Amino acid sequence: MSFSRRYLSLFLLCAFSLVVYSQQDDKAWSLSLDSIVVSGNRYSSPVKTKSDGSIYWDMKMMDDLPKIMGNADPLHYTQMLPGIQTNNEYKSGINIQGCDNSHNFISIQGAPLYNVGHLLGFFSTFNASHYPSLSLSKSATVADAPNRLGGQLTMQLSDSVPETLNGEFTVGLISSQGTVRLPLSRSTALTLSLRGSYLNLLYSRWLQADDQQVKYSFYDANATLVHHVDTRNTLTFDFYSGSDIMSVKESDYYATMKDTWGNHMGALHWRYTDPRGLMMNSSAYVTHYHNRFSMQLQDMSFSLPSSITDIGVNTAIDWRRFSVGADLVWHDIHPQSLSSSGSFNLSSGASAVTRSFEGSLHLNYTQPLLPSLYMIGGLRASYYHQPDADFHSLDPSVALRYDDYTWQGSLSLSTRRQYLFQTGFSNIGLPSEFWLSCNDGRPPQHAYEASASLSRYLFHRRYRLTVDAYYKKLYNQVEYSGSVLDYLNSSYDVEGSLLYGRGENYGFSVMLHKCSGPLTGWVSYAYAQARRTFSDVRLNGSYPASHERPHELNAVATYSLGRHWSFGATFVYASGTPFTAPRHLAFINGNLMIEYGDHNGNRLKPYHRLDLSVNYKWKSSFAHEQGLNLSVYNVTAHKNELFYYIRNYENGSFAYRPVSFALNILPSISYFCKF
């Protein structure tokens with residue numbers, strides 16, 4: 001029973017208990033009740049699954065989860081949800097239902113960011129204290145979903161105006177962050193957030209992998225200004241800036257790699273709400289991502305810059321059963337271009353810059369079928385223009401949804417286009433991937449997908465059981481066949497390193513969620529297959545995608561013990577990811593000759609990790625909550641394999657062996673304060 005029903009019942013019973021009057025045979029009689037007991041279980045979990053299978057996540061839960069390196073990151077913990085693959089250390093991004101990271105649309109209130117990961121995989125660009133909630137759709141089930149083949153993750157901005165100045169900050173041994181919420185008037189508020197890292201000051205040895213020394217730092221800055229013009233109109237200005245600086249020195253080859261990358265975004269959002277049921281959301285934004293990758297190898301140097309800039313506007317209108325909208329984006333894409341000196345590379349260093357336009361119109365119509373069953377039919381029309389060719393498509397979608405407050409279910413069929421590609425030589429989390437536009441020789445990606453979700457509340461809504469299944473057929477996929485060493489002895493040609501093929505993703509997941517009480521959390525199991533087929537004979541037909549984990553078990557739990565203590569725990573067990581192993585290695589005339597086996601024909605050992613945390617909180621005269629957090633990453637000290645590499649020794653021998661994270665176990669302590 002919902003809260004509105006409970007309150008209505010309570011009101012009627014109280015009114016009835018005060019007096020019941022009836023006129024019968026000129027006599028009056030009354031009835032009084034001694035007491036009324038209304039009980040129920042509040043759905044207090046910060047993670048909620050909606051009828052369409054999408055997920056809403058209250059960011060306050062981050063306070064009780066393990067704070068790895070002093071930080072509880074939204075993107076890192078999103079990987080604990082079913083259908084989203086867990087990544088290794090040193091690797092960022094998310095893979096949803098078998099899709100590549102580039103297939104997802106990740107945004108702040110609809111304004112996209114093109115690389116939301118900091119190094120090591122522990123941090124994303126999202127400072128959890130700046131955002132009240134996160135929403136996640138695993139599939140494009142309706143027409144208003146963006147032109148992407150994967151999921152949609154949106155960080156929601158707050159539109160409330162606090163009564164007084166408040167905020168929070170966390171100080172750790174590796175990074176610190178803070179948020180201040182300032183009311184400027186009764187209708188205007190400003191929220192400022194800043195986060196920075198200083199890993200190398202105290203823990204430089206933690207950033208070592210064998211003989212490779214990593215120096216690294218990053219920052220994130222947010223500013224959000226909210227103004228309520230009147231009861232119907234709200235304006236929100238949002239700004240984000242973040243940057244990473246990283247260098248790696250490899251002693252065996254006397255090589256040094258440097259990389260600087262980051263996002264900058266500014267957006268203006270307007271929300272209009274009419275009492276008669278009309279709602280409109282409009283946005284205008286500018287977003288920019290750049291990467292400045294370079295390498296020094298003895299007397300040779302290479303630089304590989306790339307960037308993408310978007311200027312976009314979008315609007316969506318909901319009125320009764322209709323939802324209509326438009327998305328317009330101007331892309332300025334600079335693919336990775338090589339500039340070299342001291343080598344035999346013949347590349348001119350110039351790559352064609354693509355300026356393109358992407359426009360979409362979408363329409364959804366909701367038709368009730370039964371009291372708890374309705375259908376949503378949608379159509380998305382898209383057009384893409386760039387100098388070489390124009391593309392257009394009509395992508396239909398249909399979804400059935402059921403919701404009777406106990407059972408919830410959805411079944412959807414849809415098609416989707418994606419006009420942008422991302423590729424690159426890195427497979428260990430270095431942000432060397434770059435963006436490309438479709439053109440006359442590179443048709444847009446497209447997918448056909450079917451998904452289903454069914455859930456039911458159990459034991460008086462204390463628990464919820466959810467089952468999901470999906471199937472996706474992907475076309476015009478891109479695989480990068482080169483490596484960083486190609487720049488040493490051949491002319492750099494992006495097109496010559498790209499392979500084209502298709503993909504197939506399918507799987508299912510089961511999640512049991514405890515929704516209320518001092519102990520909340522979930523246990524989930526997911527089975528997934530992500531296969532790729534490319535025409536190149538070296539890839540040996542169909543093979544697993546490099547991020548595929550067929551089996552994955554996740555558990556998340558938070559426990560509150562009184563006013564002072566709270567505990568958090570996460571556990572993951574997953575199949576190892578595929579990699580390509582060499583069959584034969586030999587030195588011939590001083591050169592290392594390698595013959596590789598089947599592409600992605602081997603797997604790393606299974607991955608498993610247990611993280612624990614404890615918070616001790618208290619109040620003081622200047623803060624309504626402050627405390628200490630102690631977190632331990634990988635409590636069991638299990639050595640998880642990250643990747644394999646070939647190492648040369650001074651005596652002329654070599655070895656092919658796995659690389660693990662620098663420390664088997666990673667403790668961290670931080671102080672937090674809310675005022």
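What you see is a predicted model, and the numbers here were worked out from it, not measured in a lab. Along the sequence shown, residues are numbered consecutively beginning with 1.
Open room surrounds OH on Y463; 12 or fewer heavy atoms of other groups in view lie less than 6.0 Å from it. Counting non-hydrogen atoms of other residues, nucleotides and ligands closer than 6.0 Å to CD1 of I665 gives a total above 12.
In this structure, the separation between OG on S560 and NZ on K617 is 5.5 Å, given to the nearest 0.5 Å. Put simply, OG on S197 and CG on D244 are 8.0 Å apart, with the number rounded to the nearest 0.5 Å. With rounding to the nearest 0.5 Å, the separation of CG in L561 from CG in N615 is 12.0 Å. W522 contributes atom CH2, which lies 9.0 Å from atom OG1 of T49 (distance to the nearest 0.5 angstrom). Once rounded to the nearest 0.5 Å, the distance linking CG of D318 with CG of D144 reads 8.0 Å. With rounding to the nearest 0.5 Å, the separation of NZ in K674 from CZ in F169 is 12.5 Å.
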How far apart are the C-alpha atoms of S283 and Q109, what are their side-chain angles, what is the distance that settles it, and do they pass the side chain to side chain donor-acceptor pair (under 3.5 Å) test? CA-CA 9 Å; S283 300; Q109 200 83 15; over 6 Å; no

Can V510 and L465 be said to form a side chain to side chain contact (heavy atoms under 4.5 Å, CB included), step by step? CA-CA 7 Å; V510 180; L465 181 65; 4.0 Å; yes

With side chain to side chain donor-acceptor pair (under 3.5 Å) as the criterion, how do Y219 and S241 come out once you've worked through the C-alpha distance, each side chain's angles and the decisive distance to 0.1 Å? CA-CA 8 Å; Y219 82 89; S241 178; 2.9 Å; yes

Under the side chain to side chain contact (heavy atoms under 4.5 Å, CB included) criterion, do Y559 and W565 qualify, and how do the steps go? CA-CA 9 Å; Y559 181 72; W565 295 93; over 6 Å; no

Could you go step by step and tell me if V329 and Y285 meet the side chain to side chain contact (heavy atoms under 4.5 Å, CB included) rule? CA-CA 9 Å; V329 187; Y285 62 86; 3.5 Å; yes

Check step by step if salt bridge (charged side-chain N to carboxylate O under 4.0 Å, His left out) holds for D611 and R609. CA-CA 7 Å; D611 307 331; R609 193 187 73 244; 3.0 Å; yes

Going through the checks in order, is the side chain to side chain contact (heavy atoms under 4.5 Å, CB included) test met by H288 and M265? CA-CA 6 Å; H288 171 77; M265 184 275 295; over 6 Å; no

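Residues M59 and M155 meet the side-chain proximity criterion, which asks for heavy atoms closer than 4.5 Å. Counting only heavy atoms from C-beta outward, the side chains of P46 and K60 never approach each other to under 4.5 Å. Side-chain atoms of N634 and L666, non-hydrogen and from C-beta on, never get closer than 4.5 Å to each other. Under the 4.5 Å side-chain criterion, counting only non-hydrogen atoms from C-beta, L153 is not in contact with N104. Side-chain atoms of T234 and T273, non-hydrogen and from C-beta on, never get closer than 4.5 Å to each other. In this structure, Y114 and S307 have side chains that are not in contact, with every pair of non-hydrogen atoms separated by 4.5 Å or more. Between V142 and D52, every side-chain heavy-atom pair lies at or beyond the 4.5 Å cut-off. In this structure the side chain of I96 never reaches within 4.5 angstrom of the side chain of Q152, judged on heavy atoms.
When atom types are taken as modelled, the side chain of R549 and the backbone of T86 share a donor-acceptor pair closer than 3.5 angstrom. A donor-acceptor distance shorter than 3.5 angstrom exists from the side chain of S668 to the backbone of K67, with no hydrogens or angles considered. Remark: side-chain polar atoms of S509 are not paired, donor with acceptor, to backbone N or O of G83 under 3.5 angstrom. Of the possible donor and acceptor atoms, one in the side chain of R461 sits under 3.5 Å from a partner among the backbone N and O of Y405. In this structure, T154 contributes its side chain and Q156 its backbone to no donor-acceptor pair below 3.5 Å. Not one N or O on the side chain of K138 forms a donor-acceptor pair closer than 3.5 Å with the backbone of G53. Although no hydrogens or angles enter the test, the distance criterion places no donor-acceptor pair under 3.5 Å between the side chain of D159 and the main chain of T236. Formation of a donor-acceptor pair under 3.5 Å by the N222 side chain with backbone atoms of L192 is not found in this model. Of the possible polar contacts, none joining the N127 side chain to the S193 backbone as a donor-acceptor pair under 3.5 Å is found. In this structure a side-chain-to-backbone donor-acceptor pair under 3.5 Å is missing from N629 to G627.
Classification of the H76-Y633 ring pair by plane angle, with boundaries at 30° and 60°, yields tilted. Taking the six-membered ring where the residue is Trp, H608 and Y573 present parallel rings, their angle staying beneath 30° rather than reaching 60°. Taking the six-membered ring for Trp and thresholds of 30 and 60 degrees, Y216 and W261 have nearly parallel ring planes, at less than 30 degrees apart. In this pair, Y616 and W618 present their aromatic rings tilted. The plane angle is within the 30 to 60° band.
Residues R181 and E168 are paired through a salt bridge, judged by an N-O separation under 4.0 Å between the basic side chain and the carboxylate.
Side chain to side chain, S102 and D100 fail the donor-acceptor criterion of an N or O pair below 3.5 Å. Side-chain contact of T558 with T520: a donor-acceptor pair under 3.5 Å is present, judged by distance alone. In the model, Y198 has a side-chain atom that pairs as donor or acceptor with a side-chain atom of S176 under 3.5 Å. One side chain, Y272 or D274, offers a donor N or O that lies under 3.5 Å from an acceptor on the other. No side-chain donor-acceptor contact under 3.5 Å links T466 and D468. Side chains of S160 and S158: a donor on one and an acceptor on the other come within 3.5 Å. A donor-acceptor contact closer than 3.5 angstrom is absent between the side chains of T406 and D404. Between the side chains of Q626 and S620, a donor-acceptor pair is found at a separation under 3.5 Å. Under the 3.5 Å distance criterion, with hydrogens and angles disregarded, no donor-acceptor pair is assigned to the side chains of S137 and S54.
Taking all atoms of both residues into account, the shortest heavy-atom contact from D220 to S124 is OD2-O, 3.8 Å. Contact between D64 and S613 at its shortest, heavy atoms only, is O-OG, 3.5 Å. Here the shortest heavy-atom pairing between T78 and L134 reads OG1-CD1, 3.9 Å. Looking at every heavy atom in both residues, I68 comes nearest to F123 through O-CZ, 4.4 Å. Nearest approach of Q177 to N71, heavy atoms of both residues: OE1-OD1, 2.8 Å. Here the closest non-hydrogen pair linking Q79 and E552 is O-OE2, 4.1 Å.
Tested against T125, the residues D73, L75, L113 include a single side chain to side chain contact (heavy atoms under 4.5 Å, CB included) partner, L113.
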